There are 2 protein chains.
Amino acid sequence: MTKVKRDMTKSVPAYQRIKNAILDNIHSGKWQAGEAISTEMTLAEEFGVSRMTVNRALKELSEERVLERRQGSGTFVAQQQFNHTFVEVRNIAQDLRSAKRDYQAQVVSKRTITVSMLDDEMRRKFDIEEVAVSSHSKSAASKKINNPETAVLYEVKIIHFADGLPIQFEERWVDANKIPEFIEQDFSEVNTSEYLIAKSPLERGSYTIRALAAPNEIAEALQIAPQSPTLVLCRQTFSAGQVLTFVKMWHAGERYQFSGEL
Amino acid sequence: MTKVKRDMTKSVPAYQRIKNAILDNIHSGKWQAGEAISTEMTLAEEFGVSRMTVNRALKELSEERVLERRQGSGTFVAQQQFNHTFVEVRNIAQDLRSAKRDYQAQVVSKRTITVSMLDDEMRRKFDIEEVAVSSHSKSAASKKINNPETAVLYEVKIIHFADGLPIQFEERWVDANKIPEFIEQDFSEVNTSEYLIAKSPLERGSYTIRALAAPNEIAEALQIAPQSPTLVLCRQTFSAGQVLTFVKMWHAGERYQFSGEL
DNA sequence: TAGTGGTCTAGACCACGTT
DNA sequence: ACGTGGTCTAGACCACTAA
């Protein structure tokens, strides 16, 4: 009885070789979009591997949107969706430091916002409700505040510089009840995102990317003309089911872009 | 000897239950970022499953950047990178149609560009080199053209409307030698992206997102004031190792945004 | 009902890090 | 040397789809 001996000395794993072979067939045009490809069993025999190995290759390719799998039906070449563009926006401080550029942050303002100071935009964002006497609230999830002088939000505004040039104007609001000590930090030294991530487990978030005309305050901070185009990334992140922080990041249109590979 | 009987009637797969349990431990703060978690063997025993099942759960969580795995060392809770924002930009025609909004495309111009008409930006983008007599080329990969009247690029400009309002101005250039029949299409009926994808296998691409002031031509097409902020997505896609198409998509800043969930 | 993919097992060998 | 994760197997049962 011979021991089971497989060739696992290969530097390239079997599932990767199978993936490459399939990609070659698609790129060469041999397998057209929408067509069915061989079954797992067939491929396993052809490549001399077990079905699980083929399964891994096909599963990964379908996660990469190259294939589409339909249980009970088969595996198909996906309609290639090169219309989709995926953008990854990273932490600006980390990025600039790793790009070996001189990075600096300047705190422009820092304040505590009470219920009575709150504007409607932030009231909605953070779902805060001021409870007047004998009023009854509609939303069970919203935060109800009785004392109008209660601190509810922290606001900080920070200019981020790369090689001495202002590259981003950050406006951030944070739920004061969730991270009471937030406002005490020195954000010329500690990055706001990194601080929040370290303090609180973040669960999910949503964002928007827009092109907006720079208001005076922001134009001045970024050293550009008022009303110049700016690239604005807004993001809100949730912790324990509620908005923990909301941030608007303004970038000078001529000096900044998001980019990447498909 | 009893047959192997496992409970696979569960609607929730075992690997998913393990993933959920791990996520709970992280979100509750029980497992802190950077800490090592139990080994695959240990988790397999605890959950009463095979090591392969645990492996799948941990592999997926590390692909989702929740965990970090280091061969020979262990599995660790990742430093949660909620700084990263992933944006997915989709095909505008498909999106508007699926949003049940009235979609329309208007072809503004359509022309063939010869070598002699080529500007430097496109020359570089498509890596086209005009070969004069007795000149020697630097790049082996670049396309060398002898006759200055050879058609090298197609250019189309299209306005995309949603509910009658101009939502995107598309400027597209396509390698005329790769898809000679491109220019004959009626792009008020056929989407350029969809057409190219159907015609040629696309391999990869790169893109940038910027905020730019609208030039007169584009401001007029989008019915906004000249110099207004626009959100511009540029994308080039490769086929057979060369640039197949380059597209600039201009969006009115006030009317359009990219958005999504983290 | 036959055939497909989805999941799972109990074991194996390998590559890598730490000790 | 030992323990970790990375990969792979040969087989199994289940869920779904199509004929």
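The model shown is predicted, which means the values in this text are computed figures rather than measured ones. In the text below, chain A, chain B and the rest are named by the order of the sequence lines, each starting its count at 1. We use all heavy atoms of the structure for the numbers below, so side chains are in, but hydrogens, waters and symmetry mates are not.
Computed from coordinates, the R17(A) CZ to dT7(D) P distance equals 13 Å when rounded to whole Å. Atom CD in E60(A) sits roughly 17 Å away from atom P in dG5(C) (whole-Å rounding). In this structure, CE of M41(B) is placed 15 Å from P of dG6(D), rounded to the nearest angstrom. Rounded to whole Å, atom P of dG6(C) lies 15 Å from atom CZ of R56(A). Rounded to whole Å, the distance from CD on E40(B) to P on dT9(C) is 13 Å. Rounded to whole Å, atom C1' of dC8(D) lies 16 Å from atom NZ of K19(A). In this structure, E63(A) atom CD and dG5(C) atom P are separated by 16 Å, rounded to whole Å. Rounded to an integer number of Å, the gap from F76(B) CZ to dG17(C) P is 12 Å.
Between Y15(A) and dT7(D) there is a side-chain polar atom (N or O) within less than 4.0 angstrom of OP1 or OP2. At dT4(C), none of the side-chain N or O atoms of R69(A) fall inside 4.0 Å of OP1 or OP2 (strictly under the cut-off). Of the side-chain N and O atoms in T75(A), one or more sit less than 4.0 angstrom from OP1 or OP2 of dG5(C).
For E64(A), the salt bridge (Lys or Arg N to Asp or Glu O under 4.0 Å) partners at least two apart in sequence or on another chain are K19(A). The salt bridge (Lys or Arg N to Asp or Glu O under 4.0 Å) check on E35(B) picks up nothing, with sequence neighbours excluded. Applying the side-chain hydrogen bond (donor to acceptor under 3.5 Å, both in side chains) criterion to Q32(B), with sequence neighbours excluded, gives no partner residue. Listed by chain and number, the residues in a salt bridge (Lys or Arg N to Asp or Glu O under 4.0 Å) with E171(B) are K157(B) (sequence neighbours excluded). Applying the salt bridge (Lys or Arg N to Asp or Glu O under 4.0 Å) test to K125(B) and every residue at least two apart in sequence or in another chain returns nothing. In this structure, the side-chain hydrogen bond (donor to acceptor under 3.5 Å, both in side chains) partners of S188(A), at least two apart in sequence or on a different chain, are D186(A). Here W31(A) pairs with nothing under the side-chain hydrogen bond (donor to acceptor under 3.5 Å, both in side chains) rule; sequence neighbours left out.
Nearest-nucleotide positions on DNA chain C for G74(A) and N55(A) put G74(A) closer to the 5' end.
No salt bridge links E45(B) with R51(B); every basic N to acidic carboxylate O contact stays at or beyond 4.0 Å.
Within residues 43-53 of chain A, the residues approaching DNA chain D are G48(A), V49(A), S50(A), R51(A), M52(A), T53(A), by heavy-atom distance under 4.0 Å.
Within the 3.5 Å criterion, the main-chain N or O of Y256(B) finds no donor-acceptor partner in the side chain of H251(B).
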Nucleotide N/O of nucleotides 16-19 of chain D paired with protein N/O under 3.5 Å:
| unit_1 | atom_1 | unit_2 | atom_2 | d |
| --- | --- | --- | --- | --- |
| dC16(D) | O4' | Q71(A) | OE1 | 3.4 |

